[in-house]
Amino acid sequence: MTERALAIAARVEAFVRETVIPYEKDPRCGDHGPSDALVQEMRAKARAAGVLTPHILPDGSHLTQRETAIVLKASGLSPLGPLAVNTMAPDEGNMYLIGKIGTPELKARFLDQLVSGESRSAFFMTEPALEGGAGSDPSMMQTLCRRDGNDWVINGRKAFITGADGAKVGIVMAKSEDGACMFLVDLPDPAIRIERVLDTIDSSMPGGHSIVVIDNLRVPESQMLGASGEGFKYAQVRLSPARLSHCMRWLGCATRAQEIAVDYACRREGFGKKLIDHEGVGFMLAENMIDLQQAELMIDWCAGVLDGGSLGTVESSMAKVQVSEALYRVADRCIQVMGGMGVSRDTVVEQIFREIRAFRIYDGPTEVHKWSLAKKLKRDHARAHAA
Ligand SMILES: Cc1cc2nc3c(=O)[nH]c(=O)nc-3n(C[C@H](O)[C@H](O)[C@H](O)COP(=O)(O)OP(=O)(O)OC[C@H]3O[C@@H](n4cnc5c(N)ncnc54)[C@H](O)[C@@H]3O)c2cc1C
């Protein structure tokens, strides 16, 4: 690991432990995520401490994925950490995408405000499931866009749009005659109406997750990201790094849950000895140690693949499945080790468990990744046995 990444990660970790963790009990943390006022208060402190947007260097360059991994893990030591230092989803993935695909004009208008942490963004892809819209299968997209002079006009409905309520920048996906398209839009816009904010199991994302109606949204041609019909190609550019950065942040959270559970098991006594000395408890914590280490190695391996210039689609699918499932097991065992206190809100372990449960679904549910890996095995087998 490079010296610069180790130094940044150490600064981020100290900031999260000393400054961010005390905010975990702040009443401004609601069911639909922390308020923007709280986010801005934490960001002002992160800016002063020199740890805001730590994965993007002052010259605009991005840390390598392997370097990013240790920095984002440090930011994830609290569910509030990524918000405080501006490494959270969906902004982190959106910044990466605009940085890769955006024209200089689009970057100046949309990217700079995200990198500086002044505003946040939303990614509009998923659609209401029971209306037959895009979900695990994005090709089912029903939101349509059509050219009208120098503009595009977009109509449709979206679901589970994280942070749409309160975001200033939107990346909207819609289908044209050529295929999928992506547009950068300013928010709020009267043509993008928040129908309702869903009540969900997780609570760390400001603005929560919204059902959104897009009604005759007019976007100038110049705000299309790349070319008409290339939207899924650009989604792929965002997909692997975004999947992996979720793994990095949640690895930090699961590590914190393990610290709290170990502390509990080393202090709490029952049946004449410390809980950790009961094999049933000690083994759960040991299994956590193994899962955490394996998750870290899987992330580092996949990050290395992305740093080598590959899209890493297969590798990031493997990493996403392994890491999300392993971290869920870790959080679940932490709760078990802590007994009643594990399911109470006295510690952050309860929240970490809820957050990690949702991670097994977004950015591709586990089964969809396994299904696509099995398709690859079949394809490779067919190639290997062709005539
Ligand atoms: C907390 C959270 C935040 C989100 N944020 C955003 C966001 O900001 N922007 C956005 O666009 N979307 C967002 N999403 C949506 C997310 O991307 C979708 O939930 C996900 O793609 C799954 O789609 P779906 O919910 O329609 O499930 P469905 O497609 O209905 O799938 C349901 C289940 O069916 C199974 N399944 C589906 N296909 C297969 C298959 N081929 N093989 C085997 N099993 C299969 C899986 O078990 C899957 O969990 C978010 C979701 C959550 C939970």
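The figures here come from the full heavy-atom set of this structure, side chains too, leaving out hydrogens, waters and symmetry mates. Counting starts at 1 for both ligands and their atoms, following the listed order.
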In terms of the angle between their ring planes, are Y362 and H246 parallel, tilted or perpendicular, with boundaries placed at 30° and 60°?
->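 Y362 and H246: tilted rings.
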
Apply side chain to side chain donor-acceptor pair (under 3.5 Å) to D332 and list each qualifying residue two or more places apart in sequence or on a separate chain.
->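 D332 satisfies side chain to side chain donor-acceptor pair (under 3.5 Å) with no other residue.
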
Is there side-chain contact between Y234 and L97, with heavy atoms separated by less than 4.5 Å?
->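 In short, these two side chains touch, coming nearer than 4.5 Å.
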
Taking any residue with a non-hydrogen atom under 4.0 angstrom from an atom of ligand 1, which ones do you get?
->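 Those residues closer than 4.0 Å to ligand 1 by some heavy atom are F123, M125, T126, G135, S136, F160, I161, T162, D202, H209, I361, Y362, P365, E367, V368, W371.
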
Qualifying side chain to side chain donor-acceptor pair (under 3.5 Å) pairs, either residue in residues 67-84, two or more places apart =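 Sorted result for residues 67-84: T2-E67, R4-E67, E24-S78, T64-E67, K73-E296, S75-T87.
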
If you measure only the distance, is there a donor-acceptor pair under 3.5 Å linking the side chains of R354 and S203?
->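 S203 and R354 do have a side-chain donor-acceptor pair below 3.5 Å.
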
Who are the ring pair (Phe, Tyr, Trp, His ring centres under 6.0 Å) partners of F353, not counting sequence neighbours?
->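 Here the qualifying residues are Y328.
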
